[in-house]
Amino acid sequence: MPTDVPRWAAPLLAVQFLTRLPVPILARLTAQQAAAGLARAMAWLPPVGTLIGAVTAGVFVVAGWFWPPLVAATLALIVEALLTGAFHEDAVADFCDAFGGTASGERALTIMKDSRIGSYGALGLALSVVLRIAAMVALPAPVAAAAIVGAATAGRLCAVTLAAIVAPVGSGAGMAVRAGRMPPGRLALAGVLALPGLAPILWLRPGATGAAFAAMLLLLLWLRRFLVQRIGGSTGDCLGFAAAMGQLALLLAVAAR
């Protein structure tokens with residue numbers, strides 16, 4: 001069975017992983033190629049985040065021609081949830097349920113795998129969505145569009161960075177486990193691929209964007225220590241939580257007065 005991974009596989013696997021978009025060409029890959037390509041696909045999460053952010057921003061801007069900003073932002077997040085399957089929102093709920101209390105080790109991992117949402121998860125998810133909407137509404141449309149795209153890109157870059165600094169833990173078919181720890185070269189590639197999505201907001205609000213990245217760095221350093229202490233490593237839900245919080249950090253920084 002061939003194990004050489006075609007160059008087109010990694011970005012398309014990232015699209016398949018982060019969205020519900022059909023990618024039928026991936027059926028051509030063997031199981032070995034898909035497994036190898038999945039690890040490489042992690043570097044392509046930021047540009048796929050850029051595409052997701054562009055859809056969200058586009059809906060927000062177009063909906064704003066017809067409805068007030070609050071309605072437009074809500075519609076934009078509905079479309080985004082349909083596009084992504086509420087992928088990172090599910091991770092936020094699972095993370096908050098697992099770590100809202102005192103659970104650690106296998107108990108925390110079991111809670112994260114549970115499909116049911118508890119009070120910590122419901123509250124954490126609700127507050128994160130409300131904050132995203134509030135930040136979007138607080139910005140003028142052009143800046144909001146750039147911030148939405150930049151935040152979607154930066155959030156996925158946070159997930160990739162966490163995968164590089166914390167080894168995966170547990171077992172199963174999740175991407176964090178199958179992809180393994182992110183090598184430095186792949187993290188560098190992810191950073192380069194993130195630049196187009198970050199460029200507009202860097203141009204419009206360089207100070208706020210810089211402050212957001214400083215906050216993301218502190219968040220990632222805290223997460224590394226916290227996760228190693230509580231469960232001994234990272235999981236897919238932890239990466240999703242990092243993505244959601246990084247996204248929120250940039251939006252809040254840009255919306256700050």
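For clarity, every value in this text was computed on a predicted model and none was experimentally measured.
- Heavy-atom minimum distance, Ala152 versus Gly49: CB-O, 3.2 Å.
- Side-chain N or O atoms of Thr19 include none that pairs as donor or acceptor with a backbone N or O of Gln16 at under 3.5 Å.
- One distance of note links SG of Cys158 with CG of Leu248; it measures 11.0 Å at 0.5 Å rounding.
- Within the 4.5 Å cutoff, no side-chain heavy atoms of Arg132 are placed close to those of Leu252.
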Between His88 and Asp237, is a side-chain contact (heavy atoms from CB on, under 4.5 Å) present by the stated rule, with each step listed?
-> CA-CA 8 Å; His88 295 316; Asp237 284 328; over 6 Å; no
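- Across Thr153 and Ala194, no two heavy atoms sit closer than the pair CG2-O, 3.4 Å.
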Trace of the side-chain contact (heavy atoms from CB on, under 4.5 Å) decision for Glu80 with Ile52 = CA-CA 7 Å; Glu80 181 184 280; Ile52 294 170; 4.0 Å; yes
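- Atoms OG and CG, on Ser104 and Leu109 in that order, are 9.5 Å from each other to the nearest 0.5 Å.
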For the pair Leu162 and Ser234, evaluate side-chain contact (heavy atoms from CB on, under 4.5 Å) and give the outcome as yes or no after the intermediate values.
-> CA-CA 8 Å; Leu162 185 63; Ser234 184; 4.0 Å; yes
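- The closest donor-acceptor contact from the side chain of Gln33 to the backbone of Asp4 lies under 3.5 Å.
- Here the side chains of Leu198 and Phe213 are in contact, with some heavy-atom distance below 4.5 Å.
- Scanning all heavy atoms of the two residues, the minimum distance from Leu204 to Val143 falls at CD1-CA, 4.3 Å.
- Note on Val92 and Phe226: same hydrophobic cluster, where clusters join Ile, Leu, Val, Met, Phe, Trp and Tyr whose side-chain heavy atoms are under 4.5 Å apart, directly or indirectly.
- Atom CG of Leu12 is separated from atom CD1 of Ile25 by 6.5 Å, given to the nearest 0.5 angstrom.
- For the atom pair Asp94 CG and Asp90 CG, the distance stands at 4.5 Å (nearest 0.5 Å).
- The closest side-chain heavy-atom distance from Leu26 to Leu13 is below 4.5 Å.
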Please test Arg156 against Gln247 for side-chain hydrogen bond (donor to acceptor under 3.5 Å, both in side chains), starting from the C-alpha separation and ending with a verdict.
-> CA-CA 8 Å; Arg156 276 69 181 189; Gln247 185 169 256; 3.1 Å; yes
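- Formation of a donor-acceptor pair under 3.5 Å by the Arg186 side chain with backbone atoms of Ala39 is found in this model.
- The two residues Val149 and Gly197 come nearest to each other via the heavy atoms CG1-O, 3.8 Å.
- Side-chain contact between Leu223 and Val166 is absent, with no heavy atoms from C-beta onward closer than 4.5 Å.
- Summarising the geometry of Gly150 relative to Ile201, their closest heavy-atom pair is CA-CG2, 4.3 Å, with the distance given to 0.1 Å.
- Both Leu21 and Leu18 are assigned to one and the same hydrophobic cluster, defined by single-linkage of ILVMFWY side chains at heavy-atom distances under 4.5 Å.
- One finds the CD1 atom of Ile231 at 9.5 Å from the CD atom of Glu106 (value rounded to the nearest 0.5 Å).
- Within a 6.0 Å radius of CH2 in Trp203, no more than 12 heavy atoms belonging to other residues, nucleotides or ligands are found.
- The shortest distance between side-chain heavy atoms of Val55 and Leu51 does not fall below 4.5 Å.
- The hydrophobic clustering, which links ILVMFWY residues whose side-chain heavy atoms are closer than 4.5 Å, places Val79 and Phe87 together.
- The CG atom of Leu139 sits 7.5 Å away from atom CG of Leu251, with the distance rounded to the nearest 0.5 Å.
- The hydrophobic cluster containing Leu123, built from Ile/Leu/Val/Met/Phe/Trp/Tyr side-chain heavy atoms closer than 4.5 Å, also comprises Leu127.
- The two residues Leu227 and Cys238 have their closest heavy-atom pair at CD2-SG, 3.5 Å.
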Start with the C-alpha gap between Phe60 and Thr56, add the side-chain angles, then the distance that decides, and say whether side-chain contact (heavy atoms from CB on, under 4.5 Å) holds.
-> CA-CA 6 Å; Phe60 177 66; Thr56 306; 5.6 Å; no
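- Side-chain contact between Leu77 and Met136 is present, with heavy atoms from C-beta onward closer than 4.5 Å.
- Between Phe241 and Phe95, the angle of the ring planes stays under 30°, which puts this pair in the parallel group of the 30/60° scheme.
- Between Phe99 and Tyr120, the ring centre distance reaches or exceeds 6.0 Å.
- Within the 4.5 Å cutoff, the side chain of Thr235 has heavy atoms near those of the Met112 side chain.
- The shortest distance between side-chain heavy atoms of Pro6 and Leu29 falls below 4.5 Å.
- Transitive grouping of hydrophobic side chains (ILVMFWY, heavy atoms separated by less than 4.5 Å) brings Trp222 and Met245 into a common cluster.
- Residues Trp65 and Leu75 fall within the same hydrophobic cluster, defined by Ile, Leu, Val, Met, Phe, Trp and Tyr side chains chained together at heavy-atom separations under 4.5 Å.
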